[in-house]
2 protein chains.
Amino acid sequence: MDKELSNIFNDTGHRLTQPRMAVFNFIKSSDLPLSIADIVRLNPAMDKVSIYRTISLFKKLHIVVAVNNGWKQLYELASPFNPHHHHLVCTKCGKLTEIHSKKLESMVEELTSENDFHPVSHHFEINGLCSNCLTLVPDLPSQP
Amino acid sequence: MDKELSNIFNDTGHRLTQPRMAVFNFIKSSDLPLSIADIVRLNPAMDKVSIYRTISLFKKLHIVVAVNNGWKQLYELASPFNPHHHHLVCTKCGKLTEIHSKKLESMVEELTSENDFHPVSHHFEINGLCSNCLTLVPDLPSQP
DNA sequence: GTCCGTGCAAAGCGTTTGCAGCTTA
DNA sequence: TAAGCTGCAAACGCTTTGCACGGAC
């Protein structure tokens, strides 16, 4: 797994430095997607600028992918390190639930071939209330 | 249609002012979703701050919805003014193609009920190459 | 030893806030 | 007329850029 990481760096002519490793491990160890602000805040030893540059490189090398949770961008490990999936986002407590749906993935194929379009990536996200928050709310707006 | 707009304002205790009307009509007349920067740039008579405040109000009143085209947020009219849909986004030329898929909408129902989640809104977007750009590109990355 | 990468400082932008004057209902 | 809205100025915070030093290969 980390072998795979160093390969990516070697193959693309980049150096696997300590700060880059640290950011990778930090994201890997989190069970939630993280914002850049999170990573900066929780890694005070590392310069903010280096974190920006690292994330930007990781995006380019497809080591991480951006998950947008409505208002901001969060990052999590990408495909070789973390299988492709989507999220249910609770707008009240912020809880993220992973969705793994083959049917959704095949729908991407369907929709793109219908439109003569070559898909490279896709994003899908459902916002609403998780089961826990649902019980705490008196009236339920719904407009999916 | 504009009747409906003034109703929304009346019912929620807001005033339908000239600048708000102008922003509404501007978005309505566009056949593409617009960024705030677009709206600011193309409406030099209106103050930038007022445009921010107007868009923010429109979002709150569900007059517009945000479409994220990968890196930035774009806005287009929401449901009563423009039926719900999603987009194929060409990452080369920026072209947006609307997708109207009942199957996708029912999948939202399915995925949320499976997870005991109450959906409020959802976002879906496919990035890739449109048929036109496809013919111009020698090699084709694909990772849906 | 040579580049690439890092850290620091500072600039750059998009977005938000405060306030006085104007507009709308 | 009274409340809400607009425009201007300025603050704010996230992100990017420039540059010299330090570390990886």
Side-chain angles (χ1 to χ4, degrees), chain A residues 2-27 33-75 94, chain B residues 2-27 33-61 63-76 94:
Chain A
D2 285 18
K3 171 100 180 319
E4 194 146 7
L5 184 67
S6 60
N7 286 345
I8 294 177
F9 278 84
N10 288 333
D11 297 354
T12 55
H14 292 92
R15 294 176 186 171
L16 184 43
T17 63
Q18 190 281 327
R20 286 173 181 174
M21 209 102 106
V23 171
F24 177 81
N25 286 326
F26 186 73
I27 297 176
L34 300 165
S35 67
I36 290 192
D38 292 332
I39 302 172
V40 169
R41 185 162 30 80
L42 299 169
N43 290 274
M46 203 174 314
D47 192 273
K48 188 194 292 198
V49 175
S50 301
I51 293 176
Y52 274 100
R53 289 194 269 229
T54 299
I55 294 295
S56 147
L57 178 65
F58 281 11
K59 273 193 284 189
K60 199 174 74 183
L61 300 180
H62 301 290
I63 293 168
V64 300
V65 288
V67 173
N68 46 45
N69 89 341
W71 52 95
K72 55 161 52 172
Q73 302 250 89
L74 305 178
Y75 297 94
Chain B
D2 285 18
K3 170 97 180 321
E4 194 144 7
L5 183 66
S6 60
N7 286 344
I8 293 176
F9 278 83
N10 287 335
D11 297 355
T12 55
H14 292 92
R15 295 177 183 171
L16 183 42
T17 62
Q18 190 281 327
R20 287 173 180 174
M21 207 103 106
V23 170
F24 177 82
N25 286 325
F26 186 72
I27 298 175
L34 300 165
S35 68
I36 290 193
D38 292 333
I39 302 171
V40 169
R41 186 161 30 79
L42 298 169
N43 290 274
M46 204 174 311
D47 192 273
K48 188 195 290 199
V49 175
S50 300
I51 292 175
Y52 274 99
R53 287 195 271 228
T54 298
I55 294 295
S56 145
L57 178 64
F58 281 11
K59 273 194 284 191
K60 199 175 73 184
L61 300 180
I63 292 168
V64 300
V65 288
V67 173
N68 45 44
N69 89 342
W71 52 95
K72 56 160 56 171
Q73 302 250 88
L74 305 179
Y75 297 94
E76 63 182 13

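Letters A, B, ... are given to chains in the order of the sequence lines, protein chains preceding strands, and every chain is numbered from 1.
- The distance between atom CE of M46(B) and atom C1' of dC8(D), rounded to the nearest whole Å, is 16 Å.
- Atom CZ in R20(A) sits about 11 Å away from atom P in dG7(C), given to the nearest Å.
- Side-chain atoms of V49(B) lie closest to dC8(D) of the nucleotides dC5(D), dT15(D), dC8(D).
- In this structure, K48(A) atom NZ and dG12(C) atom P are separated by 18 Å, rounded to whole Å.
- For the atom pair CD1 of I36(A) and CD of Q73(A), the computed distance is 8.5 Å after rounding to the nearest 0.5 Å.
- Residue pairs meeting the side chain to side chain donor-acceptor pair (under 3.5 Å) criterion with at least one partner in residues 8-20 of chain B, sequence neighbours excluded, are T12(B)-H14(B).
- Atom CD of Q73(B) and atom C1' of dT15(C) are 13 Å apart (whole Å).
- Between the C1' atom of dG14(C) and the CG atom of D38(B) lies a distance of 14 Å, rounded to the nearest Å.
- Scanning both residues, P33(B) and L74(B), for their nearest heavy atoms gives CB-CB, 3.6 Å.
- Straight-line distance from the CZ atom of R41(A) to the P atom of dT15(D): 13 Å, rounded to whole Å.
- Here side chain to side chain donor-acceptor pair (under 3.5 Å) pairs that include residues 40-55 of chain B, with residues two or more places apart or in two chains, are D38(B)-R41(B).
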**OP:** Given side chain to side chain contact (heavy atoms under 4.5 Å, CB included), test E76(B) with V65(B) step by step and report yes or no.
**Re:** CA-CA 6 Å; E76(B) 63 182 13; V65(B) 288; 4.0 Å; yes

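- Two end axes, each from the C1' atoms of five base pairs, can be drawn for the helix from dG1(C)-dC25(D) to dA25(C)-dT1(D); they diverge by 40°, to 10 degrees.
- Atoms CZ and CG, from F24(B) and L16(B) in turn, are 9.0 Å apart once rounded to the nearest 0.5 Å.
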**OP:** Under the side chain to side chain contact (heavy atoms under 4.5 Å, CB included) rule, what do Y75(A) and L34(A) come out as? Steps first, then yes or no, please.
**Re:** CA-CA 5 Å; Y75(A) 297 94; L34(A) 300 165; 5.7 Å; no

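- Nearer to the 5' terminus of DNA chain D, by closest-nucleotide assignment, is the contact made by G13(B) (compared with the other of G13(B) and D47(B)).
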Interface polar pairs with nucleotides 23-25 of chain C, N/O, under 3.5 angstrom:
| residue | atom | partner | partner atom | Å |
| --- | --- | --- | --- | --- |
| dT24(C) | O2 | R15(B) | NH1 | 2.8 |

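- Annotation: side chain to side chain donor-acceptor pair (under 3.5 Å) contacts of K60(A) (sequence neighbours excluded): none.
- Across residues 50-59 of chain B, Y52(B), R53(B) each have a non-hydrogen atom less than 4.0 Å from an atom of DNA chain C (numbered order).
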Original post:
Between F26(B) and I39(B), does a side chain to side chain contact (heavy atoms under 4.5 Å, CB included) hold up when you go through it step by step?
Top reply: CA-CA 8 Å; F26(B) 186 72; I39(B) 302 171; 4.2 Å; yes

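- L57(B) has its side chain within reach of F9(B): a pair of non-hydrogen atoms, C-beta onward, lies under 4.5 Å apart.
- The distance between atom NZ of K60(B) and atom P of dG4(D), rounded to the nearest whole Å, is 12 Å.
- With values rounded to the nearest 0.5 angstrom, I51(A) atom CD1 is found 13.0 Å from S56(A) atom OG.
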